[in-house]
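Presented below is the structure to which this report refers.
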Protein chains: 2
Amino acid sequence: MTSPSSSSSSSGATPARVDTLEHPALADARDAIADGIDREALVTVFGRCTVDYDGRASSHLESGDRHVMLKPDGASLVHTDEGQQPVNWQPPGCEHSVRYVESGAEAGDDDGPTDDPSTPRLVLESDRSTPDERLRVSFSRIFQVSAFAGSDETELALSGTEEDLRQRILEEPSLLESGFTPLATERSTPAGAVDVYGEDSAGRAVVVELKRRRVGPDAVSQLRRYVDALERDLHADADVRGVLVAPSVTDRADRLLVEHGLEFVSLEPTAD
Amino acid sequence: MTSPSSSSSSSGATPARVDTLEHPALADARDAIADGIDREALVTVFGRCTVDYDGRASSHLESGDRHVMLKPDGASLVHTDEGQQPVNWQPPGCEHSVRYVESGAEAGDDDGPTDDPSTPRLVLESDRSTPDERLRVSFSRIFQVSAFAGSDETELALSGTEEDLRQRILEEPSLLESGFTPLATERSTPAGAVDVYGEDSAGRAVVVELKRRRVGPDAVSQLRRYVDALERDLHADADVRGVLVAPSVTDRADRLLVEHGLEFVSLEPTAD
DNA sequence: CGTTCGATATCGCCT
DNA sequence: AGGCGATGTCGAACG
């Protein structure tokens, strides 16, 4: 069951390739993983391991069975059987390495005890600098190693974003209010760029902050910062209106809006 | 190469089990995936597929080779060979389903064209309500299916969090400033809960907002909301101090602090 | 349930 | 490289 199996898809311009080992010896797993990293394949390892992270924060995970994915762009993901988020990870830009250690005590230079340091271990590391951080996965057993090489040229088409909401307003400004005229998007202020800047039927300046979903107090504060900054920037006794555009607001955000003299218009990113 | 292989770890209290098919026929893949879901295993599928999401937003991904993970808690993840984040996903709480469709045109009820609708397809769906959303992965080819059953009882131990920063301040209040006395954590105000509430050596109320890392304008606004709310809550002519505690602040955040009469103390979550 | 806020947030854009 | 804001953010704590 530890003999390597390599197989290619029989049709298609760029055949996908999969290499799998089941219950390999740790040394064989090391070779397969090193080969997968070298070939820039997507490598997965399922096995019993401890996990240590050190960098922006520090973490330790005792021994358990987990699924590890190493990507050719340097990303690393450790998944348990629960949760959308990996229990540990490393962002793209890391250098992956793998090594076989006869005595687990040497797996880490300065780590605490692992599940059984006296047994041999296979250690995966993903390191980067800026910020300096490291993920180390130390396996006592490996149940499966796979290396996937495929082809994926396509990009995700997503709709229902804040950008869609902006397009809706620009194409039909009356959705904001009758007589509204957009003058600029991403208009720069000392506090940052305003989503949509324009003027109302009376010629007053209007700052519009867009949110694709129901908003809380943070969005109100954000809008307030822009209105404040623009009032100073126009340095007249400018009466600048601030309008929050979102599907809905929470109670507390609504009170904040009133408190700060800001307005709200209910609008969804798409017309459905 | 399409014969099923099931294997168990030979030692350990809770042996891990791995079932793998390589280049299975779609109908065989369907049975293996359904069995894995049924057994509450962690199921992975690598193959050529299109991906469609509809719910909080909508997205479509043309045909390519991707890695799909179905977790027993209902989470679903679609990974390409790039990026830390899945290109598509579904949170825990979904219901997974798998079906074999002779003609791909029936894979979706109302979908646009896929890579080749005339060929048979294997369709994975993960659905949930509140919010109502659905992820559909439609495979034209499957290169590998695996089902992993393991054991993982341990929890992550993490340090360097905001909670650590709070403990540091509570154990040694002089780190904030000489004479500071913490009176409460998570003190409730109309604007939300204050991280640390206390008084200085002159008996003035102090609101402390903690951040584990370098902060921008949002944290300053958050602190300002708390100070405002507390000044009203104490409804005296209360002079409430607001102190932001973080490793550092950006320039713009620093100007905002001055503008709002707030203070800053540089402190890291851990003593290193 | 909804609200609120933290996170090793990640990601993309722009300076 | 750092700042800044969006995200189908996710997740947890709390009401």
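Chain identifiers are assigned alphabetically (A, B, ...) following the order of the sequence lines, protein sequences preceding nucleic acid strands; residue numbering begins at 1 within each chain. Side-chain atoms are counted along with the backbone in the values below, which use heavy atoms only and exclude waters and symmetry mates.
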Just by protein heavy atoms under 4.0 Å, how would nucleotides 10-15 of chain C read 5' to 3' in B, S and -?
-> SS----
Classify the nucleic acid contact of [X] as base, sugar-phosphate or nothing, counting any heavy atom under 4.0 Å across all strands shown.
X        : result
B/Glu209 : sugar-phosphate
A/Ala191 : sugar-phosphate
B/Glu82  : nothing

Which distance, rounded to the nearest 0.5 Å, do you find between the CD of A/Gln167 and the CG of A/Leu210?
-> 10.5 Å
Given DNA chain D, 5'-ward residue of the pair A/Gly192 and B/Ser58, judged by closest heavy atom = A/Gly192
Confirm from the modelled atom types if A/Asp54 and C/dT8 form a donor-acceptor pair under 3.5 Å, side chain to base only.
-> no
Measure distances between side-chain N and O atoms of B/Asp218 and base N and O atoms of D/dG5, and say whether any donor-acceptor pair falls under 3.5 Å.
-> no
Go through the structure and list residues passing side-chain contact (heavy atoms from CB on, under 4.5 Å) with B/Ser159, not counting sequence neighbours.
-> A/Ser58, B/Asp164
Taking only Lys NZ, Arg NE, NH1 and NH2, and the carboxylate oxygens of Asp or Glu, determine whether A/Glu133 and A/Arg56 approach each other closer than 4.0 Å.
-> yes
Within the 6.0 Å centroid threshold, strictly below: A/His67 and B/His67 | yes
Take A/Gly216 and A/Ser59, find for each the nucleotide of DNA chain C with the closest heavy atom, and name the residue whose nucleotide sits nearer the 5' end.
-> A/Gly216
Polar atoms only, N or O, under 3.5 Å: list the protein pairs with nucleotides 1-3 of chain D and their distances.
| residue | atom | partner | partner atom | Å |
| --- | --- | --- | --- | --- |
| D/dA1 | OP2 | A/Thr130 | OG1 | 3.4 |
| D/dG3 | OP1 | B/Arg214 | NE | 2.6 |
| D/dG3 | OP1 | B/Arg214 | NH2 | 2.1 |
| D/dG3 | OP2 | B/Arg214 | NE | 3.0 |

What do you reckon, is CD of B/Glu155 surrounded by more than 12 foreign heavy atoms closer than 6.0 Å?
-> no
Under a 4.5 Å cut-off applied to non-hydrogen side-chain atoms, are A/Val123 and A/Arg99 in contact?
-> yes
